[in-house]
Amino acid sequence: MTETREAFALIGAGPMGLATAKVLKEQGIPFQGFELHSDVGGLWDIDGPKSTMYETAHLISSKAMTEFTDFPMADSVAEYPSHRDLKGYFHDFADHFGLREHYRFNAEVIQATPLGAPGDGWRLTWRDAQGKHSAEFAGLLIANGTLSEPNMPEFAGHFDGELIHASGYRYPNQFEGKRVLIVGAGNSGCDIAVDAIHHAKRCDLSMRRGYYFVPKYIFGKPADTMGGAIKLPMWLKRPIDALILSWFVGDPQKYGFPKPDYRLYESHPVVNSLVLYHAGHGDLRIKSDVERLDGHTVHFRDGSHEDYDMILAATGYKLHYPFIDSDLLNWQSDAPHLYLNAMHPDRDDLFVLGMIEATGLGWQGRHEQAEMVARYIRGLRDGSPAAQELKSLKSGTFERATGGMNYLNLARMAYYVDKATYRRAVTGWIDKFRKAAS
């Protein structure tokens with residue numbers, strides 16, 4: 001174990017935590033990892049205490065566009081891996097890079113407190129089977145994920161049936177023989193609706209707004225592997241991609257889906273072909289937003305109403321860092337405001353890893369974020385001019401790396417970035433650190 005004032009504390013052993021552990025080790029930065037579960041894998045281990053996984057879950061991006069570049073998935077793994085495949089993948093990743101020995105498992109971090117001014121370090125308190133413990137560290141790296149705290153909506157009225165969040169869904173037989181309403185039509189909502197169709201007595205899908213749908217396959221290949229060969233400006237890329245989608249998806253409005261009230265790429269698309277298939281076959285009915293509940297009856301904003309036995313709210317998740325005061329994270333509106341979504345403007349001993357979403361970013365993009373942070377920490381210790389340049393820049397005024405995109409003003413989009421803009425900025429810093437160290 002490495003519990004000294006020279007070491008950093010790293011919270012989390014999911015994909016982001018493991019990527020961070022790997023680059024810290026490569027950069028020679030001492031650290032101590034803490035993980036609530038008994039092993040690595042984060043939410044992809046369905047048995048984990050904070051996992052929100054369900055039995056039929058698969059990646060919505062292809063393995064080729066998601067995997068770590070220096071640790072590709074096996075050829076035997078499907079193009080769209082299941083959560084079981086990914087649990088195995090992260091176990092193998094931890095074994096290959098020798099990461100488990102750096103972690104305390106079954107350790108729940110309950111408080112992180114700065115010891116004084118920025119740079120003075122942190123006191124971390126955690127709880128395990130032996131009780132409470134605390135230690136002091138040089139810095140704090142938070143990588144506990146973004147998809148564990150349910151965002152449960154407040155409905156007007158009262159429902160006499162079963163009301164659950166998607167985080168409480170595990171197996172399709174939970175729908176057996178029930179009249180089911182899925183509220184929320186993001187990727188999880190649409191995937192779960194497809195499960196419910198085959199088990200429920202009836203399944204409806206309530207949508208507040210429209211979405212752009214992307215098929216998983218185009219010309220027999222994963223759709224997310226088809227683009228990128230030719231770089232196009234957004235003003236040209238948007239209409240071309242919209243035309244291609246119309247060829248392969250058609251018009252979802254003819255199945256009852258509302259028309260999106262925003263432009264393509266201003267929100268995360270839904271990567272699902274089956275939900276359109278079932279809507280076209282009449283297996284799934286599209287309903288408007290919920291207005292109020294009354295017993296088993298749900299009243300919708302378009303004036304219609306239906307009776308249900310179960311409502312499942314697929315309404316996403318909230319950022320959740322319960323062990324640290326939100327003011328310490330420079331929290332603004334719906335998310336911490338950090339340089340490149342990771343670096344505190346005033347502190348060099350506090351970083352948030354993985355608080356980032358972008359279409360097509362994959363785990364490699366997150367690995368690059370971790371490498372930038374690790375090289376920055378190393379650069380500060382070595383007196384690197386590149387680290388001093390970054391320190392000065394992040395302490396000033398900065399904007400989120402949106403690339404000029406006008407993302408929807410929603411909590412789930414508060415930490416969304418443009419993939420190309422973000423990776424260009426992050427890899428630019430990595431290159432500067434490499435040249436400074438050579």
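- Residues Thr56 and Asp195 bring a donor and an acceptor atom of their side chains to less than 3.5 Å of each other.
- Side-chain atoms of Thr359 and Tyr416 form a donor-acceptor pair, as typed in the model, at a separation below 3.5 Å.
- You'll find the ring centres of His91 and His96 outside the 6.0 Å limit.
- Side-chain N/O atoms of His199 and Asn173 include no donor and acceptor closer than 3.5 Å.
- Looking only at side-chain heavy atoms (C-beta outward), Thr20 and Phe8 stay at 4.5 Å or farther from each other.
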Quiz item: Under the side-chain contact (heavy atoms from CB on, under 4.5 Å) criterion, do Lys216 and Leu274 qualify, and how do the steps go?
Solution: CA-CA 10 Å; Lys216 284 199 166 181; Leu274 292 176; over 6 Å; no
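- Each of Leu115, Asp120, Leu124, Thr113 was checked for a side chain to side chain contact (heavy atoms under 4.5 Å, CB included) with Glu136, and the lone residue meeting it is Leu115.
- For Phe213, the ring pair (Phe, Tyr, Trp, His ring centres under 6.0 Å) partners two or more places apart in sequence, or in a different chain, are Phe257.
- Taking the six-membered ring for Trp and the full ring otherwise, Tyr317 and His165 have centroids separated by under 6.0 Å.
- In this structure, Lys25 forms no cation-pi arrangement with Phe31, as its terminal cationic atom is not both closer than 6.0 Å to the ring centre and no more than 45° off the ring axis.
- Counting only N and O atoms by type, the side chains of Arg412 and Ser267 include a donor and acceptor under 3.5 Å apart.
- Side-chain contact, Asp191 with Ser188: no donor N or O sits under 3.5 Å from an acceptor N or O.
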Exercise. Determine, stepwise, if the pair Arg375 / Ser384 fulfils side chain to side chain donor-acceptor pair (under 3.5 Å).
Key: CA-CA 10 Å; Arg375 287 183 178 274; Ser384 165; over 6 Å; no
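- Ionic pairing of Arg104 and Glu35 is not present here: no N-O contact between side-chain nitrogen and carboxylate oxygen is shorter than 4.0 angstrom.
- The pair Lys419-Glu357 does not meet the salt-bridge criterion, since no charged nitrogen lies less than 4.0 angstrom from a carboxylate oxygen.
- Note: Phe398 and His337 meet the aromatic proximity criterion, with ring centroids under 6.0 Å apart.
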Quiz item: Stepwise, does the side-chain contact (heavy atoms from CB on, under 4.5 Å) test hold for Met355 with Met16?
Solution: CA-CA 9 Å; Met355 189 198 72; Met16 193 71 238; over 6 Å; no
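- When the ring pair (Phe, Tyr, Trp, His ring centres under 6.0 Å) test is applied to Tyr265, no partner is found at least two apart in sequence or on another chain.
- Scored by the side chain to side chain donor-acceptor pair (under 3.5 Å) test, Thr225 finds no partners at all (sequence neighbours excluded).
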Quiz item: Between Trp122 and Leu328, does a side-chain contact (heavy atoms from CB on, under 4.5 Å) hold up when you go through it step by step?
Solution: CA-CA 12 Å; Trp122 292 78; Leu328 294 170; 4.0 Å; yes
Quiz item: Can you list the steps and then say if Arg123 with Ser134 is a side chain to side chain donor-acceptor pair (under 3.5 Å)?
Solution: CA-CA 7 Å; Arg123 174 171 292 278; Ser134 65; 3.1 Å; yes
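- Residues Tyr339 and Phe351 keep their aromatic ring centres 6.0 Å or farther apart.
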Could you go through residues 402-410 and list every donor-acceptor pair under 3.5 Å that involves a side-chain atom there, pairing it with any protein atom two or more places apart or in another chain?
| from | atom 1 | to | atom 2 | distance (Å) |
| --- | --- | --- | --- | --- |
| Thr402 | OG1 | Gly404 | N | 3.4 |
| Tyr407 | OH | Val417 | O | 3.2 |
| Tyr407 | OH | Asp418 | N | 3.3 |

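- Here Pro15 pairs with Trp44, Phe90, Trp363 under the side-chain contact (heavy atoms from CB on, under 4.5 Å) rule; sequence neighbours left out.
- The residues Asp70 and Lys22 are annotated as salt-bridged, a charged nitrogen and a carboxylate oxygen being separated by less than 4.0 angstrom.
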Exercise. Report the C-alpha separation of Glu108 and Arg127 in whole Å, then their side-chain angles, then the decisive distance to 0.1 Å, and conclude whether the salt bridge (Lys or Arg N to Asp or Glu O under 4.0 Å) test is met.
Key: CA-CA 5 Å; Glu108 179 184 11; Arg127 178 169 46 223; 3.3 Å; yes
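- Using a distance-only test at 3.5 Å, with no hydrogens or angles considered, a donor-acceptor pair links the side chain of Tyr262 to the main chain of Gly210.
- Side-chain atoms of Arg366 never come within 3.5 Å of backbone atoms of Gly354 as a donor-acceptor pair (strictly under, hydrogens ignored).
- Residue pairs meeting the salt bridge (Lys or Arg N to Asp or Glu O under 4.0 Å) criterion with at least one partner in residues 341-356, sequence neighbours excluded, are Arg347-Asp349, Asp348-Lys391, Asp348-Lys394.
- We find the CG-CD1 distance between Leu10 and Ile29 to be 11.0 Å, quoted to the nearest 0.5 Å.
- Between the side chain of Asp85 and the main chain of Gly88, no donor-acceptor pair closer than 3.5 Å is present.
- Listed for the Asn151 side chain is a donor-acceptor partner under 3.5 Å among the backbone atoms of Thr315.
- Counting only residues at least two apart or on different chains, no salt bridge (Lys or Arg N to Asp or Glu O under 4.0 Å) pair has a member in residues 73-83.
- Taking a 6.0 Å sphere around OH of Tyr277, one finds it holds 12 or fewer heavy atoms contributed by other residues, nucleotides or ligands.
- Nearest heavy atoms, Leu284 versus Cys203: CD1-O, 3.6 Å.
- Between the CG atom in Leu43 and the NZ atom in Lys50 there is a gap of 12.5 Å [rounded to 0.5 Å].
- With 3.5 Å as the limit, one finds no donor-acceptor pair spanning the side chains of Thr427 and Glu368.
- Ring-centre distance between Tyr217 and Phe248: not below the 6.0 Å cut-off.
- Not a single ring pair (Phe, Tyr, Trp, His ring centres under 6.0 Å) links Tyr171 to another residue, sequence neighbours left out.
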What donor-acceptor contacts under 3.5 angstrom involve side-chain atoms of residues 141-150, with partners at least two apart or in another chain?
| from | atom 1 | to | atom 2 | distance (Å) |
| --- | --- | --- | --- | --- |
| Asn144 | ND2 | His320 | O | 3.1 |
| Glu149 | OE1 | His320 | NE2 | 3.4 |

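- For the pair Gln32 (side chain) and His102 (backbone), a donor-acceptor distance under 3.5 Å is present.
- Among pairs with a residue in residues 88-98, those fulfilling salt bridge (Lys or Arg N to Asp or Glu O under 4.0 Å) read Asp95-Arg100, at least two apart in sequence or across chains.
- Residues forming a ring pair (Phe, Tyr, Trp, His ring centres under 6.0 Å) with Phe323 (at least two apart in sequence, or on another chain): none.
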Practice problem: Test Ile324 against Leu329 for side-chain contact (heavy atoms from CB on, under 4.5 Å), laying out the working first. | Solution: CA-CA 8 Å; Ile324 186 172; Leu329 294 174; 3.8 Å; yes
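- Side chains of Asn106 and His37: a donor-acceptor N/O pair is absent below 3.5 angstrom, by distance only.
- Atoms OG1 and OH, from Thr66 and Tyr80 in turn, are 8.5 Å apart once rounded to the nearest 0.5 Å.
- Shown here for Asn341 and Gln369, the closest heavy-atom pair between the two residues is O-NE2, 3.8 Å.
- Of all heavy-atom pairs between Asp261 and Arg209, the closest is OD1-NE, 3.3 Å.
- In this structure, the salt bridge (Lys or Arg N to Asp or Glu O under 4.0 Å) partners of Arg434, at least two apart in sequence or on a different chain, are Glu371, Asp431.
- Not less than 6.0 angstrom separates the ring centroid of Phe34 from the ring centroid of Phe105.
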